[in-house]
Structure formats: C-alpha cells, structure tokens
Amino acid sequence: MGISAEKEYADFEDKVKRTVYFDNLSPKVKESVLKTALSQFGTVVGVQFIPNYSQFNNLPLCALIEMESVKDAKSVVAEIANYPFMILGMPRPVRVRPAEAQMFTDRPIKPGQKRQCRWVDPKEPDFQVAKKLKSLARTHAKEALCLLQIQLEEEEKLAKEQAESLKEKYNKFKTIDNLLIDGTMRRLASCYNMNVADE
C-alpha cells in the first residue's frame, strides 16, 4: 500500500527544510569534499549536484546538501553567510542559502495543484518576448563559459602554487627535524652560545 500524496508532499517539505543550497562551487569539488567540509556543522545525509544546463560543458557549480536536522541546516546557513567559506582552498568563497522546493527536480506534485503546458503561437506578443529571452540566454551562456574557463585556469594555477608551497614547507620542516635528530642543532647552538630546548 503506497503512501498518500499529502504524506509524500509533507515528507518532501521536511526534506526541503533540512536542505541547504550551495552556489559558486568549483567544478573540482566532489561529494566527499563537501561532506568533510560540512561535517563540522552536523551530519550530511546526502549531496545532490545540480547540473547547469545553460552551459555547454554542463559542469555543476551548485548543489543541494541535506543535513540530518533543521537545526544543522540553519547552522550551516548562519555560519557561512557571515564568514567567507572556501572549499579546496579555491579563491572564491561559496554562497549558501536555505533550499526551496522549486530547486528539486524530483519534487512530488503538490496535492490539488494542476500543471498545464501549451504551445505559444508565433503571432502572440509572448512569442517575441520568448525569442528575445532565448537569444539573451544563449549570449549569457557563452559569456559565462568564457568566464568559467578563466576561473578554472586561475584555480589550476593556485592549486599548483599551493602544492609547491606545501612541498617547500615540508622540506624545511624535514630538514629542521633531521638537524634535531642527528645532533647538529645542539652542536651549532653550543658554538654560538645559544640555549636549545629539548622539544
């Protein structure tokens, strides 16, 4: 026996309240990265990336993240809205807000609601408006794709710089650690009349 439409929609509304919408994500961000980044706010139940159908490469730059409770979702929104939150060390902070029912592609039909679709006649004034909107959307998609490519190049460059910097710092600490282990640091300290802590 299936659940009623009212119960199904009520469950869906509860899910919406527990869900947070993330925007301005890097295309390199994966589900595991988001779960790890948000685990400080509570338990992440699920991550659903939203494909961007207006661009040719279809890269998801936003996601719906369901938390375990409404309190966790509100905590995520409150914290990230007040402070820059960067994921993967990328140069752009993510944007976040509470999710809305219209953001879900798998949302059930609201009980009592009817959907109606119709073709627009080319002679109607709305047809010309729709045509202009379609043209603007294509222009916007091309511009957005160009900006995205520039952004991805910058992120790639930043990731390389961060990796090189991390490697340099690791090598410095490794050298210092080796100097402490083999006693060179103590010998140098005694030559220059300096005190070196045992730690």
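All of these numbers come straight from a predicted model, not from anything done at the bench. FYI, the numbering just counts along the sequence from 1. Hydrogens, waters and symmetry mates are skipped; everything else that's a heavy atom, side chains included, is used.
- We find the CD-OG distance between E6 and S4 to be 5.0 Å, quoted to the nearest 0.5 Å.
- Between M103 and L64 the shortest heavy-atom distance is O-CD1, 3.7 Å.
- Here the side chains of C62 and Y21 are in contact, with some heavy-atom distance below 4.5 Å.
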Determine all donor-acceptor pairs shorter than 3.5 Å in which one atom belongs to a side chain in residues 171-184; sequence neighbours excluded.
from: N171; atom 1: ND2; to: K167; atom 2: O; distance (Å): 3.4
from: T175; atom 1: OG1; to: N171; atom 2: O; distance (Å): 2.8
from: N178; atom 1: ND2; to: K174; atom 2: O; distance (Å): 3.3
from: D182; atom 1: OD1; to: T184; atom 2: N; distance (Å): 3.0
from: D182; atom 1: OD1; to: T184; atom 2: OG1; distance (Å): 2.7
from: D182; atom 1: OD2; to: T184; atom 2: OG1; distance (Å): 3.3
from: T184; atom 1: OG1; to: R187; atom 2: NH2; distance (Å): 3.2

Walk me through whether D11 and K15 qualify under salt bridge (charged side-chain N to carboxylate O under 4.0 Å, His left out). CA-CA 6 Å; D11 291 345; K15 178 181 176 180; over 6 Å; no
Table please: side-chain donor-acceptor pairs of residues 35-47 below 3.5 Å, with sequence neighbours left out.
from: K35; atom 1: NZ; to: E31; atom 2: OE2; distance (Å): 3.3
from: T36; atom 1: OG1; to: S32; atom 2: O; distance (Å): 2.8
from: S39; atom 1: OG; to: T36; atom 2: O; distance (Å): 2.8
from: Q40; atom 1: NE2; to: A37; atom 2: O; distance (Å): 2.9
from: T43; atom 1: OG1; to: E68; atom 2: OE1; distance (Å): 3.4

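- One distance of note links CZ of F104 with CD1 of I50; it measures 8.0 Å at 0.5 Å rounding.
- Here CZ of R107 is found 8.0 Å from OH of Y9. Values are rounded to the nearest 0.5 Å.
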Let's go through D72 and S75 carefully: what are the C-alpha distance in whole Å and the side-chain angles of both, what is the deciding distance for side chain to side chain contact (heavy atoms under 4.5 Å, CB included) to 0.1 Å, and is it a yes or a no? CA-CA 5 Å; D72 292 346; S75 172; 5.5 Å; no
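- Atom CZ in R97 sits 14.0 Å away from atom CD1 in I80 (nearest 0.5 Å).
- A search for side chain to side chain donor-acceptor pair (under 3.5 Å) contacts involving R95 returns D23, not counting sequence neighbours.
- One finds the CZ atom of F22 at 7.0 Å from the CG atom of L34 (value rounded to the nearest 0.5 Å).
- Of the inter-residue distances, the one linking E164 atom CD with E161 atom CD reads 7.5 Å to the nearest 0.5 angstrom.
- Nearest heavy-atom pair, M67 versus V76, reported as atom, atom and distance to 0.1 Å: CE-CG2, 4.0 Å.
- Looking at S135, its side chain never comes within 3.5 Å of a backbone N or O of K131 through a donor-acceptor pair.
- Between A73 and T19, the shortest heavy-atom contact is CB-N, 4.4 Å.
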